[in-house]
Structures are given as C-alpha cells and as structure tokens.
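Working notes for the structure below.
Each chain gets a letter, A, B and so on, in the order its sequence line appears, and its residues count up from 1. Source: prediction; values computed, not measured.
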Amino acid sequence: MTTSATTQDSDNTKSPLILVDGSSYLFRAYHVPYLQALSTADGQPTGAITGVLNMLRSLKKDYPTGNIIAIFDAKGKTFRNDMYPEYKANRPPMPDDLRSQIAPLHEIITAMGLPLIVTPGVEADDVIGTLAKQADELGIETVISTGDKDMAQLVTEHVRLINTMTDVEMDVAGVSEKFGVRPDQIIDYLALMGDKVDNIPGVVKCGPKTAVKWLTEHGTLDQVIANADKVKGKIGENLRDALEQLPLSYRLATIKCDVELEQSAAELGPKAPDIPALTELYQKFELKRLLADLTNGGNEISSTNSKTSASGNSENEQAAVIAAVDVEKSQYDIILDKSLFEQWLKKLQESEVFAFDTETTSVDYMKAELVGLSFAIELGKAAYVPLTHDYEDAPEQLDKDWVLAQLKPLLESTKIKKIGQNLKYDTNVLSQYDIALQGIEFDTMIESYCYNSVATRHNMDALALKYLDYKTVHFEDIAGKGAKQLTFNQIDIEKAGHYAAEDADITLRLHQAIFPALAQSSTQLSVFNDIEMPLLPVLARMEQTGVLIDSDILADQSLSIGQRLAELEIEAHNLAGKSFNLSSPKQLQQILFEELKIPVIKKTPKGAPSTAEEVLQELALDYPLPKIILENRGLSKLKSTYTDKLPLMVSDKTNRLHTSYHQAVTATGRLSSTDPNLQNIPIRSEQGRKIRQAFIAPKDHKIVAIDYSQIELRIMAHLSNDKGLVTAFSEGKDIHRATAAEIFAVELDDVTTDQRRSAKAINFGLIYGMSAFGLAKQLHIGRQQAQEYQDKYFQRYPGVLTYMEDTRQQASEQGFVETLFGRRLYLPDINAKNGMRKKAAERAAINAPMQGTAADIIKKAMLAVDQWLLEQNDDRIKMTMQVHDELIFEIHQDIVEESTQKLVTLMNNAVELSVPLIAEAGSGDNWDEAH
DNA sequence: TCACAATCATA
DNA sequence: GTATGATTGTGAC
C-alpha cells in the first residue's frame with residue numbers, strides 16, 4: 001500500500017480521470033436491439049455510434065469535472081498473437097456494418113474535443129492499464145468505464161470500474177464481492193478458467209467456483225501450481241494436465257501496464273469542441289438528438305432531455321434517440337363533416353393496419369360512454385372523430401349511430417389489423433355499442449410489457465417518454481384534475497381533437513419503436529403473439545361477464561362485524577385507560593410500548609416499534625390488549641375492504657361485479673386485479689370464508705372452481721429435473737410428506753404432523769429463494785437447525801441446488817431470468833453493490849421462473865378453455881375469474897359434471913411437463929362450497 | 001388533495 | 001424469503 005497524506009490530498013483536488021473502453025462499448029452497443037435498427041436515410045448504420053455517444057454523454061453527466069479519454073483497439077495483430085498464435089483465433093471477423101461505424105465515431109469523438117487513443121500492436125485494455133497505472137501512482141482518482149470483467153485486475157484504491165450500460169460500479173471491495181477474489185488475484189483467476197471467446201486455454205472444467213476455491217486456499221496461481229499434486233479427482237488431473245501452459249495463460253490474461261505512449265494521462269486534456277465540424281457530422285449521420293443538444297447550447301444536456309436523463313437509465317437514452325417525434329410537422333384532422341369522414345374511412349378500409357383509440361367519459365369500462373374515436377395510418381397524420389361533445393356552443397358533430405355503423409365492419413374485420421394502447425379497454429367500451437372489436441394484433445402496452453416488464457410503467461405517457469423521448473399531452477393538461485376534472489365530452493373539440501389524434505399517432509410510433517425490438521427475441525415475441533395478445537379478448541370477456549354476489553349476505557355480515565368491533569373498542573379503551581384510535585399504528589405504538597411498557601420485539605423498516613400481526617400474536621400470550629387489537633384489526637379489514645365495499649361496486653346495468661384484470665403490471669407475468677381486487681378475497685379465517693359464501697351462482701347454476709395443485713413445486717421439479725422431486729410427483733405422492741420423509745429420514749407413513757408442517761415450510765421457502773434465517777423465523781426454530789434442514793434438503797434433492805445456483809449465475813451474467821416459455825424478467829439489482837438489494841434480487845431471480853412459468857401455464861389454459869367455450873357456443877358455461885392458479889366458472893347444473901371433466905382435462909393438458917400437471921375441481925352454490 | 005408507510009387480504 | 005392491491009392514518013402541499 002502506498003497510501004500517504006499527499007496522495008490522499010490529491011484525490012480531492014484533481015478531477016477524476018475517466019478511461020473509456022471504447023471498443024468494448026462499440027461491440028455491446030452494436031448488439032443492443034434498439035440500436036440495431038438505426039441508420040441514416042441512405043442506409044449507413046449508426047446504432048453503435050449512437051450507443052457509444054450516448055454512453056459518453058451519460059459519463060459526462062455523471063462526472064462533470066472528469067477528464068474523459070476514449071481508447072479504442074487498433075486494427076491488426078497485437079503482441080499477444082506473437083506470444084500465442086491462436087489468440088482470439090475463434091473470433092469471427094468484424095461485421096461490415098460495425099466496421100463502417102468506427103471511423104465516423106472516431107471523427108465525432110475528436111470533434112467533441114475528447115482525447116482519443118488508438119495504439120497499434122496492443123489492445124485498448126493495455127493502454128487503459130498503462131494510463132490507470134500512471135494515474136494510480138500519482139494518486140489520481142481514476143474510473144475505467146468498461147463492460148469487460150478482465151479489467152477487474154486494474155482496480156486499486158484509486159482505480160475503480162464502472163459499467164456505464166448497467167450503472168454498476170466496482171471498487172476493491174466490489175471486485176472481491178463479485179468474483180470472490182481480490183483484484184490482485186484476478187489474473188490468476190482468469191488464467192485458471194481460461195477464456196473460450198479469446199481462445200485462452202485454462203484448466204479443463206475449471207470455472208469460477210473452482211478457481212475461487214483454489215485461490216482462496218492457496219492465494220496465488222504459483223501456489224496452486226505448487227500444490228497441484230494434492231488436488232484429488234478428475235479436476236486434479238485436469239489441473240496437472242494444464243500445468244505447462246498455465247504460465248502462458250497467465251501472461252495472456254495480464255493487461256500490459258507499461259505501454260509506451262506518446263503522452264501521459266496528465267498531458268491528455270480535453271480541447272474545446274469543434275462545433276462546426278460536429279454539426280456537420282451529426283447532420284451527416286442524422287444524429288438528431290445530439291444535433292438538437294448542440295443547438296440548445298453546446299454539449300450541455302438540454303432541458304427537454306433532462307427529464308429522461310434524470311432516471312439515469314442508459315437504455316432509456318438509447319431508445320429515446322430512435323424516433324424523435326416531430327410534432328410540429330404532424331397533421332391532425334378533426335372530422336366534423338361527412339366528406340372528410342368518408343375520405344378517412346376509405347383510407348382505413350384500404351389499410352392493412354392502423355392505430356386507433358377511443359375517448360370516453362370514464363376510466364371504468366362499465367360506466368364509460370363513447371365520446372369520440374381517433375385514427376392514425378401513417379406517422380404524423382391522425383384524425384379525431386368527435387361524436388358526443390356536449391359543452392355549451394359545441395359545434396355540430398356527425399351522428400354517433402351513423403358513424404359507428406360505418407365503422408363497425410372496419411373494427412370487426414379480422415383482415416385489417418389494429419394497433420392500440422390497452423385495447424382491452426377499447427374492446428370493452430365498443431362492445432357496449434354492439435361492436436365486437438377484432439383484428440387486435442398489436443397492443444403497445446403489452447409490447448412494452450413483454451419487452452421489459454420492469455423498466456417502466458406501461459401507460460402511454462411513460463412509454464412515449466421512454467421510447468420516443470416525447471412528452472405527450474396529459475389528460476390532466478386538458479381536463480384539469482381533482483374534483484373539478486372535466487369528462488371528455490366537456491372538453492373543447494379543438495383541444496380534445498389534438499389530444500386524441502396525438503394518442504393515435506403516438507400509439508403508432510410506439511409500435512414502430514417497440515415491436516422490432518421485441519421481435520429480436522423469438523421467445524419474447526412468442527410470449528407476445530401466442531400468449532398475451534390472444535389472452536386479451538379472453539380477459540375482456542371475463543370482465544364483461546362479471547361475477548354474481550349476494551349483497552344481503554355481505555350486509556348482514558357488515559352489521560354483525562360492526563357490533564363486535566364496537567365491543568372490542570370499548571374493551572381496548574378500558575385496558576388502555578383512555579380512548580384511542582385502534583387502527584392507528586402510531587397511537588397503538590404509543591399506548592403499547594410507551595404507556596403500558598410492553599417490550600418491543602421488532603421494528604418496522606423505518607425504525608418505529610412494529611405492531612404487526614406476528615408481534616401482537618406473540619404479545620397476546622402475555623398481555624390482554626394485543627389480543628383485542630388483533631381481533632379488531634382482522635375484522636375491520638374484512639368489513640372495510642370486503643363486506644362494506646363489494647356491494648357498492650355492483651354494476652347497475654348487470655347487477656354483477658366487474659373487476660379489471662391488468663395484463664401489464666406484474667414483473668413476473670401474473671395478472672393482477674383491481675376495482676375490486678378479486679384475487680385476494682379471504683379464505684383462511686372462518687369469518688373470511690363467509691365472504692366467499694357471498695360469491696354465488698345464478699339460479700340453476702353452480703360455481704365450479706378448478707385449481708392447479710402444487711403448480712410451482714411441479715415447475716421446480718420440471719426446471720431442475722431433480723430425480724427425487726420428479727419421482728415423487730410422478731408417483732403421485734403427497735409432496736410435503738415425501739419431503740419430510742427425506743429430510744427426517746423416516747418412512748413415508750411415519751411422518752408426523754409436525755414434520756410435514758416443517759417440510760411444507762421448506763418447500764415454500766424454496767419457491768421464495770429462502771435463506772436459513774427466514775426459515776428459522778417461519779418455523780420458530782434456531783438458525784442452526786434451519787440450516788441443517790436446508791442442507792439436508794439440498795442433499796436429498798441435489799438437482800434443486802444445482803438449478804438454484806445456475807439460476808443465480810445466469811441472472812448475474814445476463815441480468816435477467818426467463819420462464820419456461822421465454823418470458824423475460826430483468827433484475828436491475830442483481831449486481832448491486834448494496835448487499836441487501838442484491839440478495840433481494842437473487843431471491844426474485846429464484847422465484848420468478850417458477851411464479852412466471854405458473855402464470856404462463858394458466859394463461860395457456862385460459863386460452864384453451866376459451867377456445868373450447870367459443871366452440872361450444874353455450875351460454876350455460878362462463879369463465880368468471882382467475883386467481884393465479886385457479887379458474888372459476890359458472891355452469892348450469894344440467895351440465896356441471898361433464899363440462900367440469902372437460903375443463904379439468906383442458907387445464908391438465910395446457911402444457912407438457914416432465915411431471916404430471918394436476919387440476920382439482922370443486923363445485924357448489926357459492927365459491928366457498930366450490931373449494 | 002396527494003403520496004407514503006403500515007397493515008393485511010390472496011397465490 | 002416471492003408476487004400483488006386496498007385501506008387507513010398521517011403529514012406535506
């Protein structure tokens with residue numbers, strides 16, 4: 001260590017040195033789907049250029065005082081080829097459409113005034129290494145911007161890495177955390193593993209795990225070599241076989257830090273940008289965004305961009321460049337006369353695909369009334385047909401019925417494809433006007449969701465900002481907000497027309513920006529085409545069908561709960577010695593922990609003493625008040641959320657309850673349900689089940705509920721292909737009992753209730769990416785014992801352990817995990833420096849493939865069921881609800897048995913797994929009985 | 001009026 | 001330990 005007072009001081013006084021690994025970013029940007037689509041009008045590709053420039057821009061923003069130097073590989077062979085002729089021999093030649101972007105990029109960077117280094121005979125890594133070493137010796141804070149893990153060997157007290165595409169920073173501790181070895185061991189580590197891509201030989205079968213193990217044990221490669229004869233097994237032989245060429249691998253993996261450079265880092269400073277040259281280059285390569293920045297004041301980030309940049313999401317930046325919306329050039333028609341309408345109608349009829357949007361009076365599809373429709377066929381040209389604007393002095397509009405009659409064949413055509421944003425809503429609204437929307441091909445909300453379920457919310461304003469870098473007119477901008485918000489029919493036609501036409505226009509643009517990116521991955525595209533888009537009309541039908549509830553049952557229950565609550569409140573106030581609000585956690589804390597001096601067991605994340613259920617449950621053993629609170633909480637929740645509210649939400653039109661299923665909300669692929677949420681209707685408590693009794697079947701009908709048994713564990717068995725688990729399911733065993741028998745080493749029949757309960761907790765924990773700590777808490781056992789259970793589990797089901805390790809690794813390397821059908825879940829925190837966030841992301845990585853595959857499966861089952869129902873064309877069967885692993889139907893009593901059987905079969909065969917998929921059915925007069 | 005934290009309902 | 005949504009109280013706007 002060379003720490004001294006002087007070097008410490010210089011850290012703070014000098015601006016940081018930013019070394020940019022231009023070549024590594026060039027390659028990576030070249031492979032980013034969004035960027036691949038970019039080119040100039042005459043076909044010169046510009047995606048990689050754009051990617052690198054965006055990255056530089058983001059670096060400039062993050063390090064405003066930084067001294068940025070860009071380093072690129074030179075053409076031709078390097079000294080490593082002399083050392084080892086096969087070095088990088090496996091690399092395919094550089095694609096032409098990448099090569100053609102290098103020279104322009106160099107020109108632009110130079111014009112920007114940034115130092116650019118291209119040194120023949122060595123790689124960019126070596127130049128970076130040399131500059132970093134020089135800076136390190138001077139104690140200058142240095143940041144290497146790269147996506148290449150080999151650079152970790154350069155990290156020191158003053159030198160750290162940043163991956164500007166993922167925003168992950170790595171210092172000395174970060175390297176140790178990520179790789180499991182110190183920066184000074186990285187070369188040894190790389191040498192042991194070898195590198196397929198660069199064709200560097202290593203020890204056969206030695207991956208990161210083994211390399212870390214050996215280096216932890218022996219410290220250095222030399223010591224590993226010296227102790228090679230002690231390593232047992234096949235891997236020991238492999239190591240001994242590799243002994244001779246390990247020194248070569250070591251030399252190849254070593255970044256050269258003494259390259260002779262013309263100028264030292266200290267001498268290389270930024271120059272003033274050559275604005276005329278930059279302008280010309282940006283124009284030549286049609287880099288509109290950058291050009292706009294330039295005209296808005298040099299290289300500063302313009303005000304319109306600061307919004308998007310603030311998120312710090314580099315993907316955001318890249319995507320944004322694609323299709324800058326030039327609204328000034330847009331032409332929006334407001335159609336008030338027949339002839340213009342007929343012109344548009346003709347164009348629409350002749351089109352293959354168009355974007356459209358409905359404007360209504362309410363976001364609630366059951367209450368919404370149509371106010372107008374907008375259409376867009378080509379970018380920048382859109383039209384709005386107002387129908388029922390009825391404010392004072394509103395101009396005369398075309399007759400609604402006439403317009404809809406004209407549009408009906410168009411909207412119902414399966415040949416003419418439609419693009420929309422959240423088309424399920426439009427489907428529901430139009431169906432109120434007897435129009436059955438068809439040809440629903442592209443929903444931009446779902447495109448965005450399938451492309452990246454976690455990157456943004458998928459509403460149009462967010463998508464436009466992210467993918468088009470365009471701030472749309474918000475509904476609130478034209479309608480106001482709060483209690484005084486206008487409904488669409490009250491809005492001035494000029495304003496409304498612009499807003500509505502823009503919606504259609506933006507939808508079209510979004511589709512053009514997102515769909516090609518989505519289509520880059522065939523599996524993601526298939527999730528979109530084969531699952532999500534076909535599901536959309538199915539969900540629309542379920543929503544419109546609704547469910548029947550008996551409001552009287554709920555009203556009675558509200559009454560009796562209310563009485564009990566009043567009693568509890570009096571008791572609680574007596575015990576506390578004063579009156580307080582039982583449902584205020586804050587007041588409760590005060591009473592419990594300060595006035596009654598009850599010990600604090602747990603704190604909330606913010607540090608206040610927790611009054612959560614588990615805490616109160618424990619306290620209830622010793623004190624009377626917590627018990628009262630618990631009962632009060634449980635009951636008031638039921639009353640306020642369910643028994644009071646559900647009857648209020650019944651539709652006047654249908655006398656049924658209509659939820660909204662959201663298809664683009666959850667990260668994992670599940671649906672969610674709101675207004676009301678029908679996916680969290682109580683079942684566990686006695687009181688709660690009474691609420692399910694209010695979900696009834698119509699006269700002469702039964703409720704049939706069919707749920708998948710242990711679907712996530714079955715998926716785990718399938719994905720991990722663990723022999724024990726697969727066998728247990730194939731033999732139809734009670735899985736928790738079987739697990740208990742394995743862990744506690746007893747016969748299946750001798751498993752006690754307690755053992756089965758423990759095994760069940762372990763199985764659940766598994767799905768949630770459990771830790772021994774969490775398991776201990778769940779089972780109220782010691783941490784040690786929980787660890788023993790877990791070890792025993794993995795010993796008995798080794799395939800599961802391997803699968804989990806593989807999943808974690810895959811997540812960390814790729815940044816995402818996938819379901820069985822290729823639905824992708826990105827995990828931005830998977831390589832986070834913050835240990836808690838990283839751990840949380842790892843658990844999500846374990847859980848997502850199982851939860852997500854289960855979601856895929858039930859969605860496929862719903863498609864199969866819906867298909868069958870359409871074929872039957874029998875209104876005595878209706879699919880009414882989906883609750884993650886359960887489908888609920890209303891079936892006429894005459895055909896309950898046969899159709900239930902058919903439905904079970906359809907669900908069982910929704911997909912083929914290596915273990916049986918089992919759906920179990922129940923029926924009754926209400927949802928409770930059907931379970 | 002709104003956003004947030006705490007709590008609790010489900011799979 | 002995973003994934004959601006609704007309600008309530010609370011404090012800032």
Quiz item: Looking at DNA chain C, which of residues 920-931 of chain A put a heavy atom within less than 4.0 Å of it?
Solution: none

Practice problem: Specify the residues of residues 782-798 of chain A, ordered by number, for which at least one heavy atom lies under 4.0 angstrom from an atom of DNA chain C. | Solution: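 Within residues 782-798 of chain A, no residue comes under 4.0 Å of DNA chain C.
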
ring-ring contact (aromatic ring centres under 6.0 Å, His included) involving [X] - partner list, sequence neighbours excluded:
{"X": "A:His474", "answer": "none"}
{"X": "A:Phe729", "answer": "none"}
{"X": "A:Tyr365", "answer": "none"}

Check every strand shown and say whether [X] touches a base, only sugar-phosphate, or nothing at a heavy-atom separation below 4.0 Å.
{"X": "A:Leu775", "value": "base"}
{"X": "A:Gln587", "value": "sugar-phosphate"}
{"X": "A:Ser673", "value": "sugar-phosphate"}
{"X": "A:Arg633", "value": "sugar-phosphate"}
{"X": "A:Ala608", "value": "nothing"}
{"X": "A:Asn680", "value": "base"}
{"X": "A:Glu613", "value": "sugar-phosphate"}
{"X": "A:Asp707", "value": "nothing"}
{"X": "A:Phe764", "value": "nothing"}
{"X": "A:Lys481", "value": "nothing"}
{"X": "A:Arg670", "value": "base"}
{"X": "A:Ser583", "value": "sugar-phosphate"}
{"X": "A:Ala761", "value": "base"}
{"X": "A:Ile681", "value": "sugar-phosphate"}

Salt bridge or not between [X] and [Y]? Use side-chain N to carboxylate O under 4.0 Å.
{"X": "A:Asp754", "Y": "A:Arg757", "answer": "yes"}
{"X": "A:Glu532", "Y": "A:Arg823", "answer": "yes"}
{"X": "A:Asp829", "Y": "A:Lys838", "answer": "no"}

Quiz item: First and last nucleotide of DNA chain B in contact with chain A, 5' to 3', at under 4.0 Å to a heavy atom: what are they?
Solution: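 Terminal contacting nucleotides, 5' to 3': B:dT1 to B:dA11.
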
Quiz prompt | Any side-chain heavy-atom pair of A:Leu825 and A:Ser453 under 4.5 Å | solution = yes

Quiz item: Mind checking whether A:Gln663 and A:Leu535 have side chains closer than 4.5 Å, heavy atoms only?
Solution: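 In short, these two side chains touch, coming nearer than 4.5 Å.
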
Quiz prompt | Opening and closing nucleotides of DNA chain C in contact with chain A, under 4.0 Å to non-hydrogen atoms | solution =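 It runs C:dG1 to C:dG11.
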
Quiz item: Excluding sequence neighbours, so at least two apart, what forms side-chain contact (heavy atoms from CB on, under 4.5 Å) with A:Leu801?
Solution: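 Once residues adjacent in sequence are excluded, the partners of A:Leu801 under the side-chain contact (heavy atoms from CB on, under 4.5 Å) criterion are A:Phe794, A:Glu805.
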
Quiz item: Looking at residues at least two apart in the chain, or sitting in another chain, which of them share a side-chain contact (heavy atoms from CB on, under 4.5 Å) with A:Ala608?
Solution: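 For A:Ala608 the side-chain contact (heavy atoms from CB on, under 4.5 Å) partners, ignoring immediate neighbours, are A:Gln589, A:Thr604.
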
Self-check item: Pairs flagged by salt bridge (Lys or Arg N to Asp or Glu O under 4.0 Å) wherever residues 707-721 of chain A is involved - sequence neighbours left out
Solution: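 Sorted pair list: A:Arg670-A:Glu712.
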
Quiz item: Going by the salt bridge (Lys or Arg N to Asp or Glu O under 4.0 Å) test, which pairs reach into residues 806-820 of chain A, not counting sequence neighbours?
Solution: A:Arg808-A:Glu842, A:Glu818-A:Arg824

Practice problem: Give a yes or no on whether the ring-centroid distance for A:Tyr793 and A:Tyr797 is below 6.0 angstrom. | Solution: yes

Quiz item: Under the salt bridge (charged side-chain N to carboxylate O under 4.0 Å, His left out) test, which residues partner A:Glu567, sequence neighbours left out?
Solution: A:Arg564

